[in-house]
Amino acid sequence: MNIFDHYLDKIIILIKKLNKEGSLELPESLNGINVDIPPLNFDCDISTNVAMVLSKANKKSSIDIANTLVGLIKDTDEKIETISVAKPGFINIKFKAIYWNNFIKNVNEDYKNFGVNIKEEKKKYLIEFVSANPTGPLHVGHCRGAILGDVISNILIFNKHDVSKEYYVNDYGNQIINFTKSVYFRIREILYNEKFPIENTDLYPGDYLVDIAKNITDLNNNLKFDKFDDVSKELTLLSVAESLKLIKTNLANLGIVHDKFTSETEIVINKEVEKVIEKLKQKNLVYKGKIKAPKADDDKNWVERDQLLFRSTDFGDDKDRALQKSDKSWTYFASDAAYHHNKLSRNYDLLINILGADHAGYIKRITSVVEALSGTKNKLICKVSQLVKLIKDGKPFKMSKRKGDYITVEDLISEVGKDATRFIMLNRSSDVELDFDFTKVKEKSKDNPLYYVQYCYARISSVFRHVNLDINKDLTIYEYNFNYSNDEIKILKKIAEWPKCIEAASLRLEPHRIPVYLYELSSEFHSYWNMGKENYSKRFINDKKKIPNEKLVFLKVISNVIKSGMTIVGVNTPEKM
RNA sequence: GCGCUCUUAGCUCAGCUGGAUAGAGCAUCGGUUUUCUAAACCGAGGGUCGGUGGUUCGAGUCCACCAGAGCGCACCA
């Protein structure tokens, strides 16, 4: 029940018919025609720009065209109260009150599918997100991207796409060796009372390593820790497994579950890197060469060397990218190329990667390689989440990874809770930096959008409770012959926007539109609720302790949309607060 | 030096792929509770959409240039 699409279809049919009859010229594309929400303070429900789009092809003013169309539209639709032409050439339509009976009927009877974008072609998506190094628990920096990826998945799933959520485990390379060494020294600290070499800046100093070391020694008393090289293989596996356990717990506490974890080591062991390089070689995209130093670097620090390079400049990157290190091992980029080759072999329609702001510079080369391998542009979409600025008591505080005293996801959740974390992280466009204010997030007031929306749901629940009805049960109404007032229609119009919100969020991968919408809807509801104080007719429960069907469906429809939206966001809707 | 992102009210931000008179919250000031949840509501003030050009019926939105902020720029991951 997308009223905008419904009228767009009607209008397109009408102008095509007129074109066939020879009374109207059509432009090359009808894509510019839309049916939209009119601005505030306009006494109408929907508006369209058809006339303006048609104006050029017909060499007529849009006002003239609008005037002819207006009559024709009204003739075909008895639910229109007024239809008028406004200044530049908009056609504005206002529905009769009965229109909203039909609307609310449709929404209530098919509430599970209300908002689902049926026009969207169903696709198979693979979305990769988080993919933090398995060298410790997740910290706040990972959090935003994690939630972003999860909710984008939820939106796509809501729209009936097939979505696979994936985590790429970077369990290969120097970081992992350093991490394993750190665990090794922590183990020796436990077993032999040796001091941890804190001065070695390559090592990970965090306290959580002590726990990891304990877990490993507790469970593996047959292992010897006399020489690092002797145990490094087993210890790497054990350490990474411990890290992943931590990470999975963190994710679970955030309400996130991935469908698949792919190991980088496995990609390397299976020779997938060689395979992808061979494939790129065949396309003449790999060569031995040198990279130029970036201008900012002093030339003296720059070591020029011959290495295996991928021609990402062919795809718009500013330099070609190294595939192999001087010790002949693969670069991160090489194995990531192999991983993306692996993804492509699994036949997804579209790949999505969620990256942190600090990896934005990486996008060009990875999309280049995917384009090279798949032969299609835009097969891989990269979405960047900007930084989160943590604020406490009005002051920003920074985390220092070096000292190992950074704020973890665990800290965050125990401080403010999963729901607030998710809602606040999503409440802004991922393109802008986000202020995450601990003090405000914990506040139970209008300052906190999460509570504001939840409170709306709780108020509706309380009405259901008072009349002994279950808000979770489907509501069946036999006759929808109501007469909604302007105040109610205002909210129904907001409800009608829900499919539009979902459509935009899904098409543009912008989840923040959902919390923003839910806030607006809640605001209108709270406003309506307070009218009941002065105007008895606005109250839901009447003096006979009954609730008329008209008000009941009205509440039901609002609560369903809030529930639906909050489910996508991944937060609870308590019935009591 | 180069790339990406951002610049909208005092502050934090929306603005639905170019539409009409640019919207919220916070903060400030003033009001609302014998009545379904005041974790709420109502009202007031507050704007050259960073700047300059361009594209067109129409620009906060697209393009170019300029200014400012953040992130990044080797074989790290």
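In what follows, every heavy atom counts, from backbone to side chain, and hydrogens, waters and symmetry copies are set aside. Below, chains carry the letters A, B, ... as their sequence lines are ordered, and counting in each starts from 1. What you are looking at is a predicted structure, and each value in this text was computed from that prediction instead of being measured.
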Inset, instruction - Would you indicate, yes or no, if B/U35 has its OP1 or OP2 atom less than 4.0 angstrom from a side-chain nitrogen or oxygen of A/Lys538? - result: no
Inset, instruction - Please tell me which of the listed nucleotides, B/G19, B/C76, B/G15, lies nearest to the side chain of A/Gln175? - result: B/C76
Legend entry - Polar side-chain contact A/Asn92-B/A20 base: donor and acceptor under 3.5 Å: yes
Legend entry - Phosphate-side-chain proximity, A/Tyr451 and B/A39, N/O vs OP1/OP2 below 4.0 Å: no
Legend entry - Axial cation check for A/Phe310 ring with A/Arg365, 6.0 Å and 45° limits: no
Inset, instruction - Ignoring backbone atoms, establish whether A/Lys319 has a side-chain N or O less than 4.0 Å from OP1 or OP2 of B/C2. - result: no
Inset, instruction - Could you tell me whether the phosphate oxygens of B/A24, OP1 or OP2, come under 4.0 Å of any side-chain nitrogen or oxygen in A/Tyr452? - result: no
Legend entry - Short N-O contact, A/Glu128 and A/Lys343, less than 4.0 angstrom: yes
Inset, instruction - Whole angstrom is fine here: how far is it from CZ in A/Phe90 over to C1' in B/G58? - result: 8 Å
Inset, instruction - Look at the side-chain N and O atoms of A/Lys87 and state whether any lies under 4.0 Å from the OP1 or OP2 oxygen of B/C57. - result: no
Inset, instruction - Determine whether the side chains of A/Gln175 and A/Tyr332 contain a donor N or O and an acceptor N or O closer than 3.5 Å. - result: no
Inset, instruction - Remember a base hit wins even if backbone is also touched, and classify A/Ser429 as base, sugar-phosphate or nothing at under 4.0 Å, heavy atoms. - result: sugar-phosphate
Legend entry - Proximal nucleotide (of B/C36, B/G19, B/A20) relative to the A/Ile541 side chain: B/C36
Legend entry - Donor on one side chain, acceptor on other, A/Asp320 and A/Tyr287, under 3.5 Å: yes
